[in-house]
Every structure is written in C-alpha cells, then in structure tokens.
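Here the structure is laid out as structure tokens; the discussion comes afterwards.
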There are 2 protein chains.
Amino acid sequence: MGSDMASKGRVTIREVAERAGVSVATVSRVLSGNYPVPPATRARVLRAARDLDYVANAHARALVGGGRKMVAVVLRQVTSPFYAQVAEGVEAEAAARGWLCLVGTTGGDPARELEFVQLMREEGARLVILVGGVVEDDAYRERVAHYAQALDAAGARLVLCGRPAPDPGIPALVVEFDNEAGARAITAHLLSAGHRRIVFLGGLPGNTALDARVAGYRAALAEHGLPAEAAQVVDCGLGRAAGHRAMTELLKNTREFTAVVAGDDMVAAGALRAITDAGLRVPHDLSVVGYNDIPLAEDFNPPLTTVRTPAEELGRAAVRIALRDPDHTAGTHHLLGTHIVVRDSVQPPPTDGGPTPA
Amino acid sequence: MGSDMASKGRVTIREVAERAGVSVATVSRVLSGNYPVPPATRARVLRAARDLDYVANAHARALVGGGRKMVAVVLRQVTSPFYAQVAEGVEAEAAARGWLCLVGTTGGDPARELEFVQLMREEGARLVILVGGVVEDDAYRERVAHYAQALDAAGARLVLCGRPAPDPGIPALVVEFDNEAGARAITAHLLSAGHRRIVFLGGLPGNTALDARVAGYRAALAEHGLPAEAAQVVDCGLGRAAGHRAMTELLKNTREFTAVVAGDDMVAAGALRAITDAGLRVPHDLSVVGYNDIPLAEDFNPPLTTVRTPAEELGRAAVRIALRDPDHTAGTHHLLGTHIVVRDSVQPPPTDGGPTPA
DNA sequence: CCCCGCTCTGAAAACGTTTTAACTTCCCCT
DNA sequence: AGGGGAAGTTAAAACGTTTTCAGAGCGGGG
C-alpha cells in the first residue's frame, strides 16, 4: 500500500488514470478485463491502482452494466439448522460462480417477505430464492404471482424451495424434497419394527411441506393394511417448544401409541425432552423418529433415527438449476430424494401389559 | 398493478415523471421523502409510481448518495449454531434501522476473508463485522490493520467480535465476551462439586478466544489452591469431530481425571459421544461442561451444563456500539458478560476405588 | 509514394438517481 | 402599485463506471 493513500473519500478511477498517465477508459479496460491492453500500459495501470489501493465502485459498475451477479435467499431464520444449511449451499454455489449472496430473514412474516423481495428488486438481484414451507392460501398465491411476474419482467428468476408455485403459468422454478416419500419411508421403518399405533406430531394444516409428510405417513399406514382410523396426527406446528408442549399433553392421557414420527427434528427434540421429563425412556418405552437430520440429531438423547434431507444440496440445486438453462424453462418442478438414517431412537414396541425384557 | 407494466427493462423515474406530468426532480423528492411536496402533486406521483410498479434503482441511489446503509458480517460458517445466532443478531439490529445486512462465509480461510472484505469495500458497506476467534500471528495483524485503515479511509467502520485489534492505534472496535471470566466460573463450578482433576479439551494455541478460556481455567484451578501441574489442557482445536477424536484418545489411557471442560459446546458434543461409546456414563462416571450454550445443548445426552454467551446479543451489540457514536471512538474494547447454566452433566466425582452410591 | 487497415488510446455519452441553484408564480406587506 | 418573500417546480450537474465512436500513429502492400 502506498504512502499516499487518499485520506478523504474513495479513490476513483480518475485518480488512477492520472497517476498512470492514461485516460479513464484505459484504466477501465485494464481493470475490468473486458478489452485487451498492451502489457506495458497494463502494468503501469495495475501498478497505479495498487499504489492507490483502488477499489472499484460496485454501484457505478452495476448502474452502467445493468444489474449485477447477485442471488438473494429468503428464509425464516438462520438459526434454524435446516435453513442455515440451505443458505450455506446457496452461498457456496453462488460464490463458486463469483456471485454475491444476500440472505434475508423474515421470521415467517409474509409482510417482511414482501418487503425483502421488493428490496431485492431494488438491488437488482438476478435470482431470488424463497425457502421454507408456508401455508398456502389466496394471499400467498397472489403474493408469489406478483413476485414472479415482477422479477420476470426485470429479467430475474424466482425459485421456490419447499413451497408450491401458485399456478403452472407463473414463471417460477420449484425445487424441493419428496416429503411424501420420506415420511412414508420413515413410517414404514417404524411399522416394520412392529409398531402399529403411531402418532404424527407436528402437523400444520395448509403448510404444503407438512401436509405432504402427513400424506406419506398415512400412505405408509394404509400400505401396511391399517385402517384410516389408525392415523393420529397432532397439529401442533413446528418448533422445539411446540413439540415439547404437544408431547407433554399427549402423555397426560392414557398412552394409545408406541411410536411417534415428528414433523421435523426440532419437534423431535422437544418431544424427546417431554418424554424424558415424564420419566419414560426412548426407545424403551416409546420410539420416536424425526425429519431432516440436522447436524446435532446424533447428539440427542438418544441419537435420533430420522430422514436425511440434504439441505445444503437443496440450496446448491436451487441456484444450479436456475442458472443452468438461460432459456426460460420456468414452471418446472424438481424433486430431490431423501433417505433414512438409522440411529438409536427406535426399537420394537414394549409387549402389552408389561415391560419388555432387556 | 397496472395493465401497462413495462415488458422490457426496468421502469425508471423518468417514465413515472412523464405519466404524472411532473419533472424527475419532483418524483425523486416524493419518493425519497427528502423534501416536502404538496399533497396534490404528491398523490399524483405516488399514483403513477404504483401504476407502473416502479422500483427505485438502488445502485443509482447509492452512487449519488455516496454509499448506502449496509452492514456486512463475515464469519466462518452459518451452519455453526453460535455464528448463526450472531448473524441473526446483526441482521435484526440492522433491519430495525433499515439497513441491509450481507453475510459472508469464509470457511476459516484468511484468503476468502480478505476477498470478502475487498468485496464489501466495493459494495460500499459502511460497517464490516468480523466475527470469530482466530490465530493471531503477524499475517493476521497486518491483514486486519489493512482492513481497518482502508475502511476508515472510506468512512466505514470495522468491528471485531471475539478477535483482537492488532494495535491500539488501529481504527477498529472490539466487542467480545469475557472468555476468561466465563471459563473461570464454569471451572469453579466443577471445583465446588468436588472435582480436582479436570481436563480442558479443545485448546487452540494462538487463538485468542480459546487462550483466554484456558487462562480462565488455569486461574480457577490456582484460586482453589491447586498447583499449576494440575492443569491438563488438550490442544485438539474446535469442532465436534475434534472433540470426539481427542476424547476417545484420552479414554484409552488410565483415567487421570474426573471432569472435562470443553472448548465449546460442539467439542462437548463430540466428547459426550466418545464417552458414551466407551461405555461410560455422564455425569455418573465423568462430568462434562461446555461453552456457549447453543440452542440444542439442552437436548444433548445428558443436557449440558455450560456457560451461556448470548450470541445474538453479541451481534446486536456490535452494530449498536458501532453505530451509536458518530464520533470516532475507535480502538475501544467492549466486554460482554456471561453466566453459567446448570443442567445435568455435572455431579460430584465418583469416590476413588468404587462406584458412587446412588 | 500513397492509402488502407490495424493497434492503441482518448473523449464523450450513457446508466438512474439526488440535489443544488435558479426560475416562476402568487401572496402579502408597505 | 410595487417590491420582497415564500412556495412550488424544474433544468442541470454530479456520482463513478463502461462502452461506443472516432482519432492518431504506424507498418505494409500496391
């Protein structure tokens, strides 16, 4: 760094030009690399830029260049392990292509989501990724349709992760996990361990991700020849606290079940804790499984059997798919696979009327 | 939304002006709200803007406005619960003031950190927050001094969370937890439960955050009248995997300790798992404490006694402090307090030569 | 010897906004 | 009635780049 660093304001391209003894056009050509410049001049410019510790003004660049390489991710909160992984995937894939990644959190508030998308339009994001299930009502559909059209008009693309496109005609991509298949598989796992009375804890009617998991759960039950009445779903919503509360409630009544499939791992965490608090043991007295396989799921008590949804890969896939085909292949739906990871929270149900032998 | 939405490119302020029958200056004044405009004109402009679904170009704004309200957080990874919380704090505090928040991840690579800070200079961030301990060597000091001076010259500020300012003269703020006090307190907790042979698992020589915790650990031992040789610190570094590996190793030898204080909760998670794998029980055979109180620490097996470092508050404090005094109160050092949260991973040590009575 | 074309460089326009300075009106005061 | 503001509005400059267009220098082929 030179000793004559500007003490006030930023160094502009003009000062670099002056010091190098060339015009601003030449400096721009060297620095942006968009145009060949003979080695001698090039070196002189580079030298001057380095001496002055010049940094380009991204705004000026974006202004004339008409936009910039930026992707925005919008999610409920970064402190949720699952969302954090998705964000990391997006960020990694974006960074690998030299794109900037902006993450915004909404706390689940549609108003803040709208606000953020608006902001991203102002910022000239070329790709906006909305992640996380949502309750799908008219307001939602209208909102997303608006986003999609506005972004599309500006030459940007919208991808929805784990939430539905409002209409086949809307210019948005959808990338998500096959929730139904995942839930079906994990429920089948419980079934094949011998469980028959299984409750689904953490339904959230209207939320498409959860609805799909509930559907998978019911499908597994049906496939195993159980009547529709065998399904018990507790619509307590997501989150550790909700899981804890609902499970506590459930345990107050006479126990009509031997296993629980939780809406996600956080719900499972709450449920696990509630069960322990009630003096029961998992999996000895009750089996429980989760969903998502968050990083600390194997440190739960006991290590949680759950279905792995490669969250980071979801994020990567979202940007990869959106950026791959420049032609407008909108409206496409992409499903990502999942698989069960078996740990220690499941064992055959206790035999009726007495404790199982060790 | 009007039926005549521009189908190509963005709607500019000029088109709004035209439709409203005023000049661009007037539109700008209405939209930016920097200058009073009579209600009638105002309404007409607003109407035109809405009809055209106009969104301002943030770049043009930032260009003329000389920068923009944006804060950038740089951290190792968002998937680490502690960092995620810090990021959330920063984001929340920034959003509350109408600032934009950009989070960048480095994976711990100084080169990527440099690259990102450079990028933020280009983007015109007015506040850059570097978070996370780091090994402090000459390269680090030089790097940070460079950031600080460059940002300062551009009228931006630099705040360091949990890492040291290279030199009192450098224009950077430091905000961090009192690591030494926290480690001293949690070690004292173990001591007062009767433990005498305590190992510190997760040292990382050169990393100032960890060094401070080790110092606190040693101080607690000394205060309790134990000789310096009583301290055993295992420099295995951070992360769940490191903790697991180191603990496994430790358990291979004859056990010379009854408790372990982990460098952070992730190390504790690994250690807990290693102990369980070895057929031992916590806290019956061994007591374990962590550091940070990450959100899932209470779901560990057993629920972890640890020291709570309010991470979100750290993030909030960083932006609050940096933005509070416009005068250049640089070089200041702010320490945030911590406190112990007691759960179930500590109990008095087993009596020598036999199992403790229940 | 002249002209063409190529390489290198520079002047200036453009990007979309904010803001300053100036210019009308119109009203009120003397 | 005339002058001084105030209020409302506009034209134009400025922000820092990229890019187009054109000019200058120069070597080679006819």
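Lettering follows sequence order; numbering is per chain, from 1.
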>> Enumerate the salt bridge (charged side-chain N to carboxylate O under 4.0 Å, His left out) contacts for residues 59-68 of chain A, please, sequence neighbours excluded, ordered by first and then second residue.
In response: A/Arg68-A/Glu123, A/Arg68-B/Glu123

>> Does anything in residues 91-143 of chain B form a ring pair (Phe, Tyr, Trp, His ring centres under 6.0 Å)? List the pairs, not counting sequence neighbours.
In response: none

> Between A/Glu15 and A/Arg19, is there a salt bridge with N-O shorter than 4.0 Å?
Replying inline: no

>> Can you confirm whether the side chains of A/Thr105 and A/Gln77 place a donor and an acceptor under 3.5 Å from each other?
In response: no

> Taking NZ, NE, NH1 and NH2 as the nitrogens, is one of them in B/Glu312 or B/Arg316 under 4.0 Å from a carboxylate oxygen of the other?
Replying inline: yes

> B/His333 and B/Glu176: side-chain donor and acceptor closer than 3.5 Å?
Replying inline: yes

>> What's the angle between the local helix axes at either end of the helix from C/dC1-D/dG30 to C/dT30-D/dA1, using five pairs per end and rounding to 10 degrees?
In response: 60°

> Could you write nucleotides 12-27 of chain D as a row of B, S and -, 5' to 3', where a protein heavy atom under 4.0 Å of any base atom gives B, of only sugar-phosphate atoms gives S, and otherwise -?
Replying inline: ---BBBBBB-------

>> Test of understanding: with side chain to side chain donor-acceptor pair (under 3.5 Å), list the residues that count as partners of B/Arg163, not counting sequence neighbours.
In response: B/Glu113

>> Does anything in residues 39-46 of chain A come within less than 4.0 Å of DNA chain C? Heavy atoms only, and list the residues if so.
In response: A/Thr41

> Salt bridge between B/Arg97 and B/Glu93, side-chain N to carboxylate O under 4.0 Å?
Replying inline: yes

> Is any side-chain N of the basic residue among B/Asp53 and A/Arg121 closer than 4.0 Å to the acidic one's carboxylate O?
Replying inline: yes

> Can we say A/Asp137 and A/Arg141 salt-bridge, meaning some charged N sits less than 4.0 Å from an Asp/Glu carboxylate O?
Replying inline: no

